[in-house]
Amino acid sequence: QVQLVESGGGLVQPGGSLRLSCAASGFSFRSYNMCWGRQAPGKQRELVAHITSGATRYADSVKDRFTISRDSAKNTVYLQMDNLKPEDTAVYYCVVPSRNSWGQGTQVVVSS
């Protein structure tokens, strides 16, 4: 059974940084592409960052500010978020896209 546990969310001022972590278990982590998604208040969920074994891609809204990475030895995927903006406020989810599996999410609030 796929388990995805996110951590690292919180309140941060505009321009600040946060690093999210996702501990994955219940599947062969190395064999799967991983994503981070988010859902802002009143909006649909969207995928913002994607990583394969070596390549990454990002939604235009977060490109050059967010960095996704993975540590296969720890079965963990990360999202480094820099230069955060109020519009980045959302619940952030760890996602296994090929299984449509989403974690429980971690809240990020960007506000002064």
Side-chain angles (χ1 to χ4, degrees):
Q1 181 178 354
V2 173
Q3 288 195 325
L4 303 167
V5 180
E6 302 94 338
S7 61
L11 173 65
V12 63
Q13 292 186 341
S17 297
L18 282 175
R19 188 193 196 205
L20 306 183
S21 300
C22 169
S25 61
F27 64 104
S28 181
F29 180 78
R30 294 172 184 268
S31 300
Y32 284 84
N33 298 342
M34 298 293 296
C35 289
W36 282 95
R38 68 185 182 185
Q39 186 168 23
K43 295 187 178 181
Q44 291 187 335
R45 287 180 174 181
E46 60 172 341
L47 297 179
V48 297
H50 181 112
I51 187 167
T52 63
S53 58
T56 59
R57 63 177 186 265
Y58 301 92
D60 288 343
S61 58
V62 307
K63 197 174 295 182
D64 300 324
R65 299 188 298 119
F66 289 12
T67 303
I68 187 171
S69 60
R70 66 192 297 165
D71 185 338
S72 293
K74 296 182 179 179
N75 283 9
T76 300
V77 61
Y78 304 97
L79 187 68
Q80 176 67 40
M81 305 187 294
D82 298 317
N83 190 22
L84 282 160
K85 303 176 180 181
E87 51 263 43
D88 295 318
T89 294
V91 179
Y92 283 74
Y93 300 90
C94 184
V95 185
V96 186
S98 60
R99 293 197 176 194
N100 197 27
S101 294
W102 294 63
Q104 293 300 305
T106 185
Q107 177 74 56
V108 172
V109 177
V110 185
S111 176
S112 55

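Everything quoted here is computed from the prediction, not taken from an experiment. The figures here come from the full heavy-atom set of this structure, side chains too, leaving out hydrogens, waters and symmetry mates.
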Hey, quick one: are I68 and V48 part of the same hydrophobic cluster, counting side-chain heavy atoms closer than 4.5 Å, chains of contacts allowed? yes

Under 4.5 Å between side-chain heavy atoms, hopping through other hydrophobics if needed: is there a path connecting V2 to Y32? yes

Does the SG of C22 lie under 2.5 Å from the SG of C94? yes

In Å and rounded to the nearest 0.5 Å, what is the CG to CD distance from L18 to Q80? 8.5 Å

How close do W36 and V77 get, counting heavy atoms only, and between which atoms? CZ2-O, 3.6 Å

is_close_aromatic(Y58, F66), centroid dist under 6.0 Å: no

Is M34 close to L4 at the side-chain level, that is, under 4.5 Å between some pair of heavy atoms? yes

State plainly whether the residues K63 and D60 are in salt-bridge range, i.e. N to O under 4.0 Å. yes

Student check: side-chain heavy atoms of V108 and M81 closer than 4.5 Å: yes

For the atom pair CG (L20) and OG (S7), what is the distance rounded to the nearest 0.5 Å? 8.0 Å

Any chance you could measure L79, atom CG, to T106, atom OG1, to the nearest 0.5 Å? 11.0 Å

Just verifying a value: how many Å separate S112 OG and L11 CG, rounded to the nearest 0.5 Å? 9.5 Å

Distance alone, cut at 3.5 Å: any donor-acceptor contact between the side chains of S17 and D82? yes

Search all heavy atoms of C35 against all heavy atoms of H50 and return the closest pair with its distance. SG-ND1, 3.1 Å

Residues Q107 and V91: closest non-hydrogen pair is OE1-CG2, 3.3 Å

Evaluate the side-chain proximity of R38 to V62: yes if any heavy-atom separation is below 4.5 Å, no if none is. yes

Flag yes if more than 12 heavy atoms outside Q104 fall under 6.0 Å of its CD atom; otherwise flag no. no

Do Y93 and L47 share a hydrophobic cluster, counting only Ile, Leu, Val, Met, Phe, Trp and Tyr and linking them when any side-chain heavy atoms are less than 4.5 Å apart? yes

Closest contact, heavy atoms only, A24 versus F29: CB-CD1, 3.7 Å

Shortest non-hydrogen separation from T89 to P41 and the atoms involved: O-CD, 3.9 Å

State the CZ-OG distance between R30 and S53, to the nearest 0.5 angstrom. 11.0 Å

Would you check if Y92 and E6 make a side-chain contact, meaning some heavy-atom pair closer than 4.5 Å? no

If you take all heavy atoms of N33 and R70, which pair is closest and at what distance? CA-NH1, 4.1 Å

